[in-house]
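Computed from a predicted model, the values in this text were never measured in an experiment.
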Amino acid sequence: MANIKELFNDQALMRELLLDHYQYPHNHELVQDGTYLSKHMASASCIDDITVQADIEDGTIRDLRFDGVACTISTASTSIMTELLKGKTVEEAKRIIGEYMKMINNEEYDSEALEEANVFQNVYKQANRIKCATIGWDAVKEIIEEKENNG
Amino acid sequence: MFDVNSVRRDFPMIVNNPDLIYFDNGATTYKPQAVIDAITSFYHDYTSNIERGEYPTAIMADKAYMNTRKVIARMINCQDRQICFMGNITACLNQIAYGLGRDLHEGDTVLISYAEHASNVLPWFRLKRDKGINIRYVPLDMQGNLKLDELEECFDDSVKVISLAYVTNVLGSHQPIREVCKIAHRHDALVVVDAAQAIGHIKIDVEDLDVDLLCFSSHKMCGPDGVGVLYGKYDLLQQMEPILLGGGMNARFEADGTIILKDAPERFEAGTPDIEGVIGLAAAAEYLMNIGLDDIHEYEKELRSYFIDKMKKLDNVEIYNPDIEAGPVAFNVKGIFAQDVATYLSTKNIAVRSGNHCAKILHNLIGVDQSVRASLYFYNTKEEIDRFVDEISKTTLEATIDVFL
Ligand SMILES: Cc1ncc(COP(=O)(O)O)c(C=O)c1O
């Protein structure tokens with residue numbers, strides 16, 4: 001089987017994927033539902049303003065959604081994340097988030113685990129925009145941590 | 001009129017980065033060699049603290065520090081003793097709000113505008129929270145210009161202070177401060193002016209304006225970081241309580257708690273000041289006055305009209321301040337997030353700023369939260385504008401995304 005990383009060497013394909021998630025973001029609507037945990041990432045930067053909601057039950061992420069005003073990278077990365085983590089157990093999600101953070105920091109990572117999120121493999125080259133690629137992921141990480149701390 | 005190519009040779013940043021187009025002068029400006037030399041000379045030849053020593057290098061440092069008061073006083077037409085040095089204009093505006101705020105009471109009003117920088121908003125907001133004063137906004141047109149004929153209506157007996165930018169930092173609107181002072185003084189209100197974006201771009205005459213308090217930062221007028229200048233009518237300075245207490249600003253104090261402050265300006269300069277910065281600031285002011293502030297303004301107007309004419313021809317941009325005379329161009333490329341435009345331009349060796357530019361209530365006026373700001377200075381050229389506009393015409397969503405792939 002071809003290394004998944006190689007699939008992401010096709011510039012036109014990657015551009016298409018990013019454009020698609022930016023212009024038509026997935027799971028891009030918040031719900032009014034008390035069972036969802038919510039995180040508003042407004043103070044991370046003064047530019048992107050994103051809210052992420054997660055429905056976590058029995059150790060599984062049942063649903064993930066987001067909304068907000070944000071740049072291409074934060075919108076697309078959060079959109080791709082919602083698809084990737086939905087349906088995963090919390091333990092799986094934590095591992096995937098960890099691998100993603102390694103990729104963003106230009107460290108060795110498990111590309112198989114990241115599927116479409118491999119499209120962000122070169123974001124580290126724009127050092128001042130790394131936060132854009134992680135804002136939604138950080139939100140989910142914080143939601144999981146809060147959930148675990150509160151039992 | 002100065003020769004821009006010879007001016008450019010005075011700036012090591014330009015000489016060392018010949019391909020970089022620096023259109024972020026609203027954030028900070030480059031420093032001419034003369035400023036750098038003045039600072040290194042302080043460290044090479046006469047490093048000392050001020051106001052304390054009896055020895056030759058300390059006396060030299062004292063003299064150089066005091067000389068900057070003279071030079072700045074000459075630049076804005078006031079007396080030396082009306083010039084106080086603080087850390088930056090943000091410190092000055094906080095000092096002003098603190099000082100005036102001690103005499104403000106619940107129900108008093110401070111007038112500001114939607115186009116103000118955070119540093120001319122948040123200190124007043126704190127007085128609203130802590131003392132119950134009102135904050136009201138003066139009427140602006142869509143490009144941030146004060147509607148002077150509606151200003152009088154803003155004044156009632158509760159208005160004690162009006163605090164405005166001379167030139168606003170996103171739209172570059174140039175406010176009629178002289179007329180504002182006339183109206184405000186008729187109503188016994190004080191006028192505070194944030195001259196951060198005006199200093200070094202236009203000639204400022206505080207006497208002629210009749211402004212009560214005015215401040216600016218050294219780094220936006222080719223001077224070093226770390227110095228803010230606070231000008232005030234002398235009686236007002238003498239009445240104002242300093243925000244910082246410590247060495248250098250008191251005349252004496254006693255065990256029973258008695259404090260006798262020095263007179264202004266020293267009373268606002270607690271602790272060891274940024275001596276190198278203050279010394280460098282004099283060199284910057286001399287440099288600008290040598291070139292001529294009126295000529296600088298004329299040249300900036302010429303650049304602005306050349307720039308805006310070219311930008312207006314592009315159909316992929318929306319410009320928020322097309323009719324401003326001089327100052328930045330604030331715009332968006334249609335359908336592309338401002339920060340993505342700035343990142344794309346950075347890959348083309350062009351420096352601009354994107355975001356809300358610390359003017360977070362401006363969206364009430366222009367209807368968008370984020371914009372790209374291209375701010376020029378007298379060392380920028382038409383050739384740079386040509387290259388800039390060419391890159392903007394090629395800024396597509398695809399191109400901005402490719403930067404990340
Ligand atoms: C209008 C205006 N006021 C205040 C400031 C704050 O200046 P500083 O950061 O030097 O205190 C700025 C800087 O961008 C400005 O443009």
Check whether more than 12 heavy atoms from other residues, nucleotides or ligands sit under 6.0 Å from atom NZ of Lys39(A), and answer yes or no.
-> yes
Using the six-membered ring wherever Trp is involved, compare the ring planes of Phe307(B) and Phe388(B) and label them parallel, tilted or perpendicular (cut-offs 30° and 60°).
-> perpendicular
Interchain contact, Thr400(B) with chain A, by part (heavy-atom threshold 4.5 Å) | neither
What part of Ala70(A) lies closer than 4.5 angstrom to a heavy atom of chain B: side chain, backbone, both or neither?
-> backbone
Are the charged groups of Lys360(B) and Asp369(B) less than 4.0 angstrom apart, N to O?
-> no
Of Tyr379(B), Tyr30(B), Tyr377(B), which meets side chain to side chain donor-acceptor pair (under 3.5 Å) against Asn25(B)?
-> Tyr379(B)
Measure Gln11(A) against the heavy atoms of chain B and call it side chain, backbone, both or neither at under 4.5 Å.
-> both
For chain B, which of Val69(A), Thr75(A), Ile73(A), Asn128(A) has the most heavy-atom pairs under 4.5 Å?
-> Ile73(A)
When the 4.5 angstrom heavy-atom criterion is applied to Phe120(A) and chain B, the contacting part is neither
Worked check of side chain to side chain donor-acceptor pair (under 3.5 Å) between Asp194(B) and Tyr166(B) | CA-CA 6 Å; Asp194(B) 165 353; Tyr166(B) 200 154; over 6 Å; no
What part of Glu16(A) lies closer than 4.5 angstrom to a heavy atom of chain B: side chain, backbone, both or neither?
-> neither
Arg129(A) versus chain B, heavy atoms under 4.5 Å apart: side chain, backbone, both or neither?
-> side chain
NZ/NE/NH1/NH2 to OD/OE distance under 4.0 Å, Glu57(A) and Arg62(A) = yes
Checked Lys125(A), Met14(A), Gln23(A), Arg15(A) vs chain B; the most non-hydrogen pairs under 4.5 Å come from Arg15(A)
